[in-house]
Amino acid sequence: MKRRDRLRAKACVLALATLAAAGCASAPDRAWVTSGDQSQLLSPQRLVMKAEVAGTASPTVLLDPDAPLQTMVGFGAAVTDATAHLIQARMTRQQRDALLRDLFGRENGGLGFDFTRVTIGASDFSLSHYSLADAEDLSLAGFSVAPMAAEVFPTVRQALAINPELKVMATPWSAPGWMKTTGSMIQGELKPEYYSTYADYLTRYISAAAAEGVPTDYISIQNEPDFEPDSYPGMRWGAEGRARFIGRDLGPRLQQHGLETKILDWDHNWDKPEQPLGVLNDPTARTYVSGVAWHCYAGDVAVQSRVFDSHPDKDVFFTECSGGDWAPGFKDSFVWTMKTLIIGAVENHARGVLMWNIALDENHGPHAGGCGDCRGVVTIDSRTGAVERNQEYYAFGHASRFVRQGARRVAISKPEGLEAVGFVNPDGRRVLVVLNASDAEARFEIGEDRLRAAVALPPASAATYVWSGPR
């Protein structure tokens, strides 16, 4: 038996014991509910599926297993420098192990994150501004991943040990300052004469990270390339330049080195679809671009479908959104996250969905510039290592704990007033995520074909329903 098969078998045994995980063919049907008033937080409930010989007049959310859509990579959040520092330096070994198992494992109700993101060099959520080659040198003789090897890589390696299926995306916030028009990691653009050198820089990162035990399954060439922050690393990079770099430099370089890392373009907001379309319309760049990555800070999630419809052979990923003190209430931000990211991003073809920082401290940091009121999926007390689970933890748990990597999103029908998205896991188990965003209880049926269950959802609440399919 292969190691991954042994791990899956062990997970199935534990799921039967705890009734807190999905994906095992013999596990009982169950529902898990989170309510906006926090009286229920991923709380398990019985689910009684019955064979119905005739339709009913009740509102019904129906899953169609015979209408498969995209294959899922997974759900998760980013291991930023800030997150890794808190986990490695502000927690005891026991606290660290417990948190990482809770986030990346599925035993004892863990979230089972299958997807994460790291920054190549510094972001705003770093302790300082650094690149991996700060000294000006076209040969990159001083290139080193040592700053990431101190805390980020050990955190990702431990997550991989817990979940060997974990997929990793890597994103730079800026090229080294000496390659840019400003001579700084803050603001400016990459000089065209350094395109080839920067392709070497990113290729070296992929190889060096792999040598440290951290794969790079996906890479984007620039975080938020239409924004030049004035207090932390960033770099403006238009569609024409990105297309040239991907088509002439990075794409061929990865191919020459036999690297299977997939390139995602854009990695920015929903409000400017013309940017990724500009890259995908370039015939050379398009051959090397695997898909488009999106952020939540401007525009509408439906734009993902507009770009996908133009290039249906390219993947869609949602790769960054942060909660924060601008939306402190549990109910409103939980409902928004469920509706827009867990359901909306996936409805609009996303194969993977990521929040920003996995963890920040009680002061919204550590950070070096940028957002001063962002919220992590969890908050780690920098003095004691104690963990507080935030609304994003519960929203993402409604998908990540139950939707397994390789699951197929399938078509559904739903009544007005409910939001929903459905999946079939690789073992055939059905997963249906439903949101009742209204201020009144919703009563309805869920199921497929003639297999149904009558359910009720409190106001401003979400549920995940898991069942085995027709008996």
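Just so we're clear, the structure is a prediction, and the values are computed from it rather than from any experiment.
Counting heavy atoms from C-beta outward, R401 and L42 have side chains that approach closer than 4.5 Å. Contact of the L254 side chain with the L250 side chain is registered, since non-hydrogen atoms from C-beta on lie closer than 4.5 Å.
Q158 and D97 are linked by a side-chain donor-acceptor pair at a separation below 3.5 angstrom, with hydrogens and angles left out of the test. Side chain to side chain, E224 and H295 meet the donor-acceptor criterion of an N or O pair below 3.5 Å.
A salt bridge between E347 and R409 is absent, with no side-chain N of the basic residue lying under 4.0 Å from a carboxylate O of the acidic one. We find that K314 and D265 are not joined by a salt bridge, their nearest charged nitrogen and carboxylate oxygen being 4.0 Å or further apart. A salt bridge links E362 with R383; the closest basic N to acidic carboxylate O contact falls under 4.0 Å.
A cation-pi arrangement is found for R244 relative to Y195, the charged atom lying closer than 6.0 Å to the ring centre and inside a 45° cone about the ring normal.
For A122, the side-chain contact (heavy atoms from CB on, under 4.5 Å) partners are S126, Y130, P233, not counting sequence neighbours.
Between the side chain of H311 and the backbone N or O of D313, no donor-acceptor pair lies under 3.5 Å.
The list of side-chain hydrogen bond (donor to acceptor under 3.5 Å, both in side chains) pairs with a residue in residues 111-125, not counting sequence neighbours, reads R106-D114, D114-N163, R117-T171, R117-N223, R117-D267, R117-E320. Under the side-chain hydrogen bond (donor to acceptor under 3.5 Å, both in side chains) criterion, the residue pairs touching residues 197-206 are D200-R253, with sequence neighbours excluded.
For the side chain to side chain contact (heavy atoms under 4.5 Å, CB included) with F104, the lone residue among I358, L111, V156 that qualifies is I358.
Taking the six-membered ring for Trp, Y394 and W32 have ring centres at least 6.0 Å apart.
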Next on the checklist: Determine whether H398 and T34 satisfy the following criterion, side-chain hydrogen bond (donor to acceptor under 3.5 Å, both in side chains), listing intermediate values before the conclusion.
Outcome noted: CA-CA 8 Å; H398 271 281; T34 296; 2.8 Å; yes

